[in-house]
Amino acid sequence: MPELPEVRTVSKYLRENLLGKKILDFDLKTKKSLHDNEIENLDLLKNQKIYDIKTLGKYIIFELTNFYLVIHLRMEGKINFYKEQPTHFNLIHSIFLMQLDDLFFNFTDHRKFATVDIYFKKDKNIRNLNVLKKIGFEPWDIDIDSFFEKVKKKSSPIKVVLLDQHNIAGLGNIYVDEVLYRAKIHPLQKTNTISKDKLREVLKHSKKILEEAIELGGSTIKTYSAAGNEGLFQNKLIVHQYKNKYCKNCGEKIKIIKVGGRGTYFCPNEQKLWE
DNA sequence: CGTTTTGTTCTGGC
DNA sequence: CGCCAGAACAAAAC
């Protein structure tokens, strides 16, 4: 499932292949995937050049000549390129198809959860785009004092708070489990019982794990693939998906519970609840 | 054939 | 109104 490292990996691949290309045709195949849209006629996207491609949390932002095109892969969104006109089979789950100079760009999601937003480029700060306005900072940009202030009043489990992209951007179900394992915090620990020092640890491990994963091109679990490339970080996961396995530190059996409705892996010996 | 899975938003209770 | 828990969303693997 694409979290920040997977999204960065995809984005890097897109940058390497698409910067400077011109959109010759834009064909929205799944209308309900278009959430925000500031232009009435999508033909306005024609002849727009791809100036830049960046990411914020799990969002990918295409900076065009006059517009921003923001996409989110959700769980199963994928991007494929073709040299030739894609076949009917290739387009079955398509969200949109773009012709970019010499190649065809196909954004697909067989579950149709992936989203697209289109905005006028009136503001250089992408954080002012509607869909990104409320997104929190990525771990590297977070100021520990304001993060602690924000979080210390919450009575939700730490895992739920870390998964909420309004609090911190980039972590998903897989990496949150790894972060909490390394920080030795029980996923159900209420956030308002976590000290600033402990929270600092959480941030430290978040940065470290995400950096390691980015280095390895993300994790490939189930169906994630970065336009054909597979990540390698899944081999480094310590707790997530460790069903019927044992903690590498203490040998205790990894436990699986539900937190915020999500499958959660942790070591009951090393990640104990306090208070 | 029911349960589980994912990221995010929505809904409703308090 | 804010906070939080849980449902909803789609589709497929188990």
Side-chain angles (χ1 to χ4, degrees), chain A residues 1-11 29-37 55-61 70-79 89 91-96 107-117 129-136 138-139 149-180 187-194 206 210 213 218-226 231 233-234 237 239-244 254-266:
Chain A
M1 308 300 132
E3 304 179 31
L4 185 144
E6 293 75 28
V7 169
R8 292 269 185 105
T9 303
V10 171
S11 172
K29 299 284 187 188
T30 306
K31 294 194 169 51
K32 69 163 193 165
S33 300
L34 184 62
H35 284 191
D36 285 346
N37 176 25
T55 62
L56 175 64
K58 303 175 193 172
Y59 290 86
I60 301 175
I61 302 107
V70 183
I71 68 174
H72 194 299
L73 307 175
R74 297 290 176 116
M75 292 85 80
E76 307 270 1
K78 288 177 189 61
I79 291 162
F89 180 75
L91 295 176
I92 290 172
H93 301 299
S94 183
I95 304 291
F96 67 82
F107 180 33
T108 65
D109 180 359
H110 70 98
R111 283 161 72 172
K112 299 281 162 66
F113 277 11
T115 60
V116 197
D117 306 277
L129 299 176
N130 189 41
V131 72
L132 303 180
K133 250 175 211 161
K134 291 177 178 167
I135 299 297
E138 294 183 350
E149 285 306 310
K150 184 170 193 172
V151 140
K152 75 175 185 190
K153 303 168 212 112
K154 294 186 186 291
S155 60
S156 301
I158 178 72
K159 172 157 177 175
V160 170
V161 170
L162 295 178
L163 280 177
D164 188 340
Q165 304 298 299
H166 301 114
N167 300 322
I168 177 170
L171 297 171
N173 202 33
I174 297 170
Y175 295 111
V176 163
D177 280 1
E178 298 299 315
V179 167
L180 292 177
L188 283 174
Q189 188 69 46
K190 297 234 191 291
T191 319
N192 54 14
T193 65
I194 292 176
S206 301
L210 293 178
S219 300
T220 304
I221 290 184
K222 293 195 181 162
T223 59
Y224 159 76
S225 80
F233 193 74
Q234 66 275 15
L237 298 175
V239 279
H240 193 85
Q241 295 222 332
Y242 260 61
K243 204 172 183 167
N244 296 321
I254 297 298
K255 213 172 161 187
I256 310 173
I257 56 171
K258 282 234 186 286
V259 180
R262 301 290 170 240
T264 299
Y265 297 74
F266 72 105

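Protein chains get the first letters and strands the later ones, always in sequence-line order, with residue 1 at the start of each. Side-chain atoms are counted along with the backbone in the values below, which use heavy atoms only and exclude waters and symmetry mates.
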Query raised in the report: A:Ser155 near the nucleic acid: base, sugar-phosphate alone, or nothing, with a heavy-atom cut-off under 4.0 Å?
Result: sugar-phosphate
Query raised in the report: In whole angstrom, what separates A:Asp109's CG from B:dT8's P?
Result: 13 Å
Report task. Look at the side chain of A:Gln165 and the backbone N and O of A:Leu171, then say whether any donor-acceptor pair between them is shorter than 3.5 Å. Result -> yes
Requested in this report: Measure the shortest side-chain to side-chain distance between A:Phe96 and A:Ile71 over non-hydrogen atoms and say whether it is less than 4.5 angstrom.
Outcome: yes
Report summary line: Taken to the nearest whole Å, CG/A:Leu132 to C1'/B:dT8 is 14 Å
Query raised in the report: Over how many whole Å does the gap from A:Glu6 atom CD to B:dG7 atom P extend?
Result: 10 Å
Report summary line: Whole-Å distance, A:Leu163 CG to C:dA5 C1', equals 14 Å
Report task. For A:Phe113 and C:dA10, give me the distance from atom CZ to atom P, rounded to whole Å. Result -> 6 Å
Query raised in the report: Side-chain N or O of A:His72 less than 4.0 angstrom from OP1 or OP2 on B:dT8?
Result: yes
**Report entry** Basic-acidic side-chain contact under 4.0 Å: A:Glu76, A:Arg74
**Finding:** no
Requested in this report: May I have the distance from A:Asn173 (atom CG) to B:dT4 (atom C1'), rounded to whole angstrom?
Outcome: 12 Å
Query raised in the report: Base, sugar-phosphate, or nothing: which does A:His35 touch, judged by heavy atoms less than 4.0 Å apart?
Result: nothing
Query raised in the report: Does A:Lys32 make a side-chain N or O approach to OP1 or OP2 of C:dC9 shorter than 4.0 Å?
Result: no
Report summary line: Closest to the side chain of A:His110, out of B:dT6, C:dC9, C:dA12, is C:dA12
Query - Toward the 5' end of DNA chain C, by each residue's nearest nucleotide, A:Lys153 or A:Arg111 - result: A:Lys153
Query raised in the report: Is a donor-acceptor contact shorter than 3.5 angstrom present between the side chain of A:Arg262 and the base of B:dT8?
Result: yes
Report task. Using atom NE2 of A:His166 as one end and atom C1' of C:dG2 as the other, report the distance to the nearest whole Å. Result -> 14 Å
Requested in this report: Would you indicate, yes or no, if B:dT9 has its OP1 or OP2 atom less than 4.0 angstrom from a side-chain nitrogen or oxygen of A:Lys134?
Outcome: no
Requested in this report: Taking only the side-chain nitrogens and oxygens of A:Ser156, find out if one of them lies under 4.0 Å from OP1 or OP2 of C:dA5.
Outcome: yes
Requested in this report: Answer yes or no: is there a donor N or O on one side and an acceptor on the other, between the side chain of A:Thr30 and the main chain of A:Ser94, under 3.5 Å?
Outcome: yes
Query - Backbone of A:Ser156 reached by a side-chain donor or acceptor of A:Thr191 within 3.5 Å - result: yes
Query raised in the report: Can you check the A:Tyr265 OH to B:dT4 P distance for me, whole Å?
Result: 12 Å
